[in-house]
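I'd like to ask some things about the structure below.
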Amino acid sequence: MEGPENMTPTVGFIGSGNIGSTVARLAVEAGYQVVLSNSRGPETLTDTAAELGPRASAATSGEAAAAGDIVVVTVPVKAFPDMPAALLAGKTVIDTCNYGPARDGRILELDSKSLTSSELLLRYIPDAVLVKAFNNIFFKHLLSLARPAGAADRSYLPIAGDSAPAKAAVSEFIESIGYGVVDAGPLADSWRQATDTPVWGTPYGPTSHEKGRPAGEDAIRAALAAATR
């Protein structure tokens, strides 16, 4: 038997849309195994998995949750009640989700800003350990701006969460796929990186420019600080 140090970490994906499949691509390139899932069933992801190569496979959301050392939840907010909560217990979960009333319907606690969307997700997966990340960058920029550690034009991504060990694990993952990390505080402060805040999209350039522009640590810290609620 191989020891744990020889085992390739696995990243599970609940949702495999633009952000999910982009994170999966970067993860495969960095040497991770990925298990993709979506709401329509594994057979709809066979082409994506085949394109990503032998480190990728398609599965049900439950199987992806069970397989992941880290699990990326990247779904519409209205799909939060469908999460496989029992299988996510004790797992480090990356929440990439953004609330959009046009798609998700009106959710009073989010509209009134008494809750962040991450805190709402935690209600449905209370035994998971949640870290907010990847929700503030356009998927094409996420792919094109990845740079190796030490690169002068490495971009940074904000993360928010309540668990120091989970933040450390997610930071290590993000660093390994091409980005630096700015700690944006606890989940209650994740509104600072929500839709239409200064750090959401803007630092990386307009979506019309597919390559994007690098955004360093100082730019991301300043954008987070400029957010108002």
Side-chain angles (χ1 to χ4, degrees), residues 8-36 52 55-56 64 68-75 88 91-98 116-118 121 128-187 189-190 192-194 197 199-205 212-224:
T8 306
T10 298
V11 185
F13 288 82
I14 298 177
S16 298
N18 290 336
I19 282 286
S21 56
T22 302
V23 175
R25 181 180 301 277
L26 293 172
V28 163
E29 288 170 0
Y32 294 87
Q33 299 276 355
V34 303
V35 180
L36 305 168
L52 290 175
R55 289 200 186 103
D69 296 299
I70 289 176
V71 180
V72 180
V73 171
T74 175
V75 300
L88 291 170
K91 298 265 184 178
T92 294
V93 171
I94 299 177
D95 164 25
T96 80
C97 309
N98 286 311
T116 64
S117 61
S118 289
L121 176 56
V129 192
L130 210 58
V131 178
K132 186 81 169 189
F134 297 118
N135 74 298
N136 73 308
I137 186 168
F138 181 49
F139 74 101
K140 290 183 179 177
H141 295 167
L142 180 62
L143 188 63
S144 63
L145 290 174
R147 301 284 188 275
D153 60 345
R154 190 154 149 112
S155 290
Y156 280 69
L157 295 170
I159 68 169
D162 299 335
S163 159
K167 275 180 165 173
V170 171
S171 295
E172 185 181 343
F173 172 64
I174 292 173
E175 296 267 0
S176 74
I177 67 169
Y179 286 84
V181 172
V182 171
D183 188 334
L187 275 188
D189 286 351
S190 60
R192 289 188 174 276
Q193 65 196 74
T197 57
V199 85
W200 190 79
T202 304
Y204 313 100
R213 63 168 179 246
E217 182 176 6
D218 291 348
I220 298 306
R221 288 193 186 283
L224 287 166

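From a predicted model like this one, the values you see are computed outputs, not experimental measurements. Computed over heavy atoms, backbone and side chain alike; hydrogens, waters and symmetry mates excluded.
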Review point. Which pair of non-hydrogen atoms, one from V71 and one from A64, has the smallest distance, and what is that distance?
Key: CG2-O, 4.2 Å

Revision key, fill the gap. CG (L52) and CD (E29) are apart, to the nearest 0.5 Å, by 9.0 Å

Check your understanding: Could you give the distance from CZ (F134) to OH (Y179), rounded to the nearest 0.5 Å?
Key -> 8.5 Å

Practice item. Run the numbers on R154 and E175 for salt bridge (charged side-chain N to carboxylate O under 4.0 Å, His left out), then give the verdict. Key: CA-CA 10 Å; R154 190 154 149 112; E175 296 267 0; 2.7 Å; yes

Study note, to complete from the structure: So CG of D69 and CZ of F173: to nearest 0.5 Å the spacing works out to 11.0 Å

Exercise for review: Provide the closest heavy-atom pair for Y156 versus G216 in the form atom of the first, atom of the second, distance.
Suggested key: CD1-C, 3.8 Å

Point to revise | K132 side chain vs P186 backbone, donor-acceptor pair below 3.5 Å | key: no

Revision key, fill the gap. Tightest non-hydrogen contact, residues A169 and I70, listed as O-CD1, 4.0 Å

**Study point:** Nearest heavy atoms of S155 and A215, plus distance in Å
**Key:** OG-N, 3.0 Å

Exercise for review: Without swapping roles, check the side chain of K167 against the backbone of I159 for a donor-acceptor pair under 3.5 Å.
Suggested key: no

Revision key, fill the gap. When every non-hydrogen atom of S144 is compared with those of G212, the smallest separation belongs to OG-N, 4.3 Å

Point to revise | Point-to-point distance, once rounded to the nearest 0.5 Å, from CG of L224 to CD of Q193 | key: 6.5 Å

**Study point:** Residue pair I14, L88: steps toward the side-chain contact (heavy atoms from CB on, under 4.5 Å) verdict
**Key:** CA-CA 11 Å; I14 298 177; L88 291 170; 4.2 Å; yes

**Study point:** Residues L36, S21; criterion side-chain contact (heavy atoms from CB on, under 4.5 Å); working and verdict
**Key:** CA-CA 8 Å; L36 305 168; S21 56; 5.8 Å; no

Exercise for review: Please determine which of I94, V23, L157, V131 meets the side chain to side chain contact (heavy atoms under 4.5 Å, CB included) test together with I174.
Suggested key: L157

Exercise for review: Given side-chain contact (heavy atoms from CB on, under 4.5 Å), test D153 with R147 step by step and report yes or no.
Suggested key: CA-CA 7 Å; D153 60 345; R147 301 284 188 275; 2.9 Å; yes

Exercise for review: Supply the atom-to-atom distance I177 CD1 to L143 CG, rounded to the nearest 0.5 angstrom.
Suggested key: 10.5 Å

Revision key, fill the gap. Minimal heavy-atom distance between V129 and S163, with the atoms involved, is CG1-CB, 3.3 Å

Review point. Can you tell me if CD on E217 sees more than 12 non-hydrogen neighbours from other groups inside 6.0 Å?
Key: yes

Check your understanding: Distance from T74 atom OG1 to I19 atom CD1, nearest 0.5 Å?
Key -> 6.5 Å

Review point. So, R213 side chain and P203 main chain: donor-acceptor pair closer than 3.5 Å or not?
Key: yes

Check your understanding: For N136 and Y204, does a side-chain donor sit closer than 3.5 Å to a side-chain acceptor?
Key -> yes

Check your understanding: Any side-chain heavy-atom pair from V75 and C97 closer than 4.5 angstrom?
Key -> yes

Exercise for review: Might you work through the side-chain contact (heavy atoms from CB on, under 4.5 Å) test for D95 and N135, ending with a clear yes or no?
Suggested key: CA-CA 8 Å; D95 164 25; N135 74 298; over 6 Å; no

